[in-house]
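Just so you know, these numbers use all the heavy atoms, side chains as well, and skip hydrogens, waters and symmetry mates. For this chain, numbers begin at 1 and follow the sequence in order.
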Amino acid sequence: MASTFFGLTIAGSALNAFQAAVNTTANNISNVNTKGYTRQQAVRYAAEALRVNDRYGMAGSGVTTTEIIQTRDFYYDVKYWENSARLGMFEAKLYYAQQVESYLLDDGENGTVEGFTTILNEMFDALDDVKKTPEDTDARQAFISKSQNFADFFYSLNIGLRQIQEDCNQEICTQVDQINGIGQKIALLNKQINVIELQGVNANELRDQRALLIDELSDLVAVDVKETPVVDPQHPNLYTGATNFMVKINGQTLVDSFDYNTLTYVAREKKINQSDADGLYDLCWEGTKVPFNVTGKGCTGRLKALFDTRDGNNDEGFSGTIESVRAGDNGDIVRIKNPSITDINSINMADDGVITLNNKDYRYSGFTYDAETQTYEFYLKQTLSVDQRQDLNNRKAQIGESIDAMGIPYYQSQANNFLREFAKQLNNIQKSGVDLDGNPVGAFFVAGNAADGGEYDFADYDAGGSMSTFKNDYYKLTAANIKVSTSIMKDPNKMATISAEDYANGVANQALVEEMMKLKKDVKMFRGGGADEFLKCLITDNSVDTQKAETFYKNYSNISETIIQKRMSISAVDEDEEALDMTKFQNAYNLASKMVQTLAEMYDRLILETGV
């Protein structure tokens, strides 16, 4: 038989349960504008029925609040994190594509800024004046000055592109520090959550903080989150209340419950690309020194966009097959066949760098290219054993990575490619003539030598297409160092406008100038077009990249809004819904209070008037 006061116990359980519900509602309302807060709900179940040893069998014992849970759907969390990584990636790509665009602006139509089209037109207009009055020093000087403006444009372009590359490099450092900080905070929260929940108490507010950190992390890198309950080793079917919480970024573990790994950035000792800025960072895990690669096609996140912009070469990196390795004077010489780059104008590797042979890095001091056999020879700074040499035969060789993105190295390489061919064509015409005194002339466009302040005049140029980094070749010419020869700048009369034969015969023939005039449009020197098509090609490349990034950014922004709305409809605090709950729980609490009052009157009558 149940206790005489059993009904009071039941009514009391309702008071406690709806008091908890009202308190939970009050907490929701107070956090209606708290970032990252997840709506909470008090879970109530009918209390376990009691056997009363009577004909009707079991009697209900009231209600109990078992837990306060978060109304959160992990499915939409995952979808949000996946989309956030893509959104962050294309947002960063769009930003930097627009930065590149600002340096490629052509002023052909409005003329508000002196850009490539204006400079090229002025250069060839001045050359036309030279054609009309070849002996006029002022006309020659004007052409030389406009030619130097042409060189200065590319120098300025290189400075701008390199600045973007350095900005990306610094932002990579900032984001790595942010990732490390988030990983540390998540590991600390994991420990606090487990300590609390092992005592049977919820840690919902801490879980909100952790989820908010993962939201921030998902913008930087692709995240994979997994939480599993900890099982009691003595009782495999019994959970302890603790959980293992693991966070992976790009498939590698950042946080494993209470432990976390940190990334570190290490400055490259040597450049990968010829025109790279100094000291670009590579990432690796601090404890193991294992490289952290975010440039793979399956990777997403803002960090990947930074690497694509900083290192992207449009999948045009150097690679080949090792044909042989032999001993050299100061180290071994690696001969590479089937190279990915066979045009001297397109060679973009640093003259002193690192080459990867069969997945192992080796330093080299220079290289040569034989156009006839289409093979490279790299001069290593170390000597290998006989077995090591044999093991490398027919293995893969590469420098850096081939990254399928039009980043800064791609635009730098395209500029270098054009300049080498343009300077080569112009210099060949110049060298075929003589100056006003009938003397042979050297190169018109040269490359400045930063090491000694001198100039490369490409005296070792091989018309057959072979080259060597150890020689005075067009490989030395880049957008960073192109200039008009100092001797011609000082004395305009040393510029050639007539061939040696015509000069000797006293013929007033300006055939050389006419040949130079053709370089503007008629001579195919860059991607099937003339010099005037160069910037249009790069602008087209950039426009395609920018439009692609903008389109995807808008698409993923729309997807993000949809996911956020669905996510918020489940986990966010709705004021109207909370007001309804508040009224509902208040009425239930009042009814329970009236039940207590009714039972109290019954007990008074029972005790005071019946004498029980």
Item to check | Aromatic contact, F422 with F150 (centres under 6.0 Å) | outcome: yes

Checklist entry - Okay, side chain of K271, backbone of D276: is any donor-acceptor separation there less than 3.5 Å? => result yes

Checklist entry - About how many Å separate CD1 of I355 and CD1 of I272, when rounded to the nearest 0.5 Å? => result 12.0 Å

Next on the checklist: Do I144 and M489 have side chains that approach each other closer than 4.5 Å (heavy atoms only, starting at C-beta)?
Outcome noted: yes

Next on the checklist: salt bridge (charged side-chain N to carboxylate O under 4.0 Å, His left out) for D361 and R268? Distances and angles first, verdict last.
Outcome noted: CA-CA 12 Å; D361 292 340; R268 296 172 182 168; over 6 Å; no

Item to check | For Y474, the option from N427, D462, D460 that meets side-chain hydrogen bond (donor to acceptor under 3.5 Å, both in side chains) | outcome: N427

Checklist entry - N348 side chain to S413 main-chain N or O, any donor-acceptor pair under 3.5 Å? => result no

Next on the checklist: I'd like to know whether the aromatic ring centres of Y369 and Y475 sit less than 6.0 Å apart in this structure.
Outcome noted: no

Checklist outcome for this item: Separation between NZ (K554) and CG (L87), nearest 0.5 Å, reads 13.5 Å

Next on the checklist: For K494, is the NZ atom crowded, meaning more than 12 foreign heavy atoms sit under 6.0 Å from it?
Outcome noted: no

Checklist entry - Take atom NZ in K548; do more than 12 heavy atoms of anything else shown fall under 6.0 Å from it? => result no

Checklist entry - Parallel, tilted or perpendicular: which describes the rings of F292 and W285, with under 30° parallel and over 60° perpendicular? => result perpendicular

Next on the checklist: Closer than 3.5 angstrom, by distance alone: can the side chain of Y456 be matched with the main-chain N or O of L477 as a donor-acceptor pair?
Outcome noted: no

Checklist entry - Looking only at heavy atoms, what is the nearest atom pair of R310 and P409, with distance? => result O-CD, 3.1 Å

Item to check | N394 side chain to T321 backbone, donor-acceptor under 3.5 Å | outcome: no

Checklist entry - Between S402 and G317, what is the shortest heavy-atom contact and its length? => result OG-N, 3.3 Å

Checklist entry - Do the side chain of S560 and the main chain of Y556 share a donor and acceptor less than 3.5 angstrom apart? => result no

Item to check | F154 and F534 aromatic centres sub-6.0 Å | outcome: yes

Item to check | N330, CG atom: more than 12 neighbouring heavy atoms under 6.0 Å | outcome: no

Checklist entry - Would you say S102's side chain and Q99's backbone share a donor-acceptor pair under 3.5 angstrom? => result yes

Checklist entry - Within a reach of under 6.0 Å around NZ of K520, are more than 12 heavy atoms found that belong to other residues, nucleotides or ligands? => result yes

Next on the checklist: Checking the side chain of Q412 only, and the main-chain atoms of S275 only, is there a donor and an acceptor separated by less than 3.5 Å?
Outcome noted: yes

Checklist entry - Got a donor-acceptor contact below 3.5 angstrom from the Y376 side chain to the I341 backbone? => result yes

Checklist entry - Is K289 atom NZ crowded by more than 12 heavy atoms from other residues, nucleotides or ligands, each under 6.0 Å away? => result yes

Checklist outcome for this item: Smallest heavy-atom separation, A479 atom then N416 atom, equals N-OD1, 2.9 Å

Item to check | Any donor-acceptor N/O pair, S543 side chain to I539 backbone, under 3.5 Å | outcome: yes

Next on the checklist: Are F367 and F318, when compared by the centres of their aromatic rings, separated by less than 6.0 Å?
Outcome noted: no

Next on the checklist: If we count only N and O atoms by modelled type, under 3.5 Å, do the side chains of R527 and Q414 hold a donor and an acceptor together?
Outcome noted: yes

Next on the checklist: Evaluate E316 against Y410 for side chain to side chain contact (heavy atoms under 4.5 Å, CB included), listing each step before the verdict.
Outcome noted: CA-CA 8 Å; E316 296 174 1; Y410 169 75; 4.1 Å; yes

Checklist entry - Hey, is the main chain of I403 close enough, under 3.5 Å, to the side chain of D308 for a donor-acceptor pair? => result no

Checklist entry - Is there a donor-acceptor contact under 3.5 Å linking the side chains of T295 and N293? => result yes

Next on the checklist: Counting only heavy atoms from other residues, nucleotides and ligands, does the tally under 6.0 Å from NZ of K521 exceed 12?
Outcome noted: no

Checklist entry - Rounded to the nearest 0.5 Å, what separation is found between the NZ atom of K304 and the CG atom of N250? => result 9.0 Å

Next on the checklist: So for atom CG, which belongs to D452, do other residues, nucleotides or ligands contribute more than 12 heavy atoms lying within a distance under 6.0 Å?
Outcome noted: yes

Item to check | Any donor-acceptor N or O pair under 3.5 Å, side chains Q274, T478 | outcome: no

Checklist entry - When you look at NZ of K79, are more than 12 heavy atoms from neighbouring residues, nucleotides or ligands closer to it than 6.0 Å? => result no

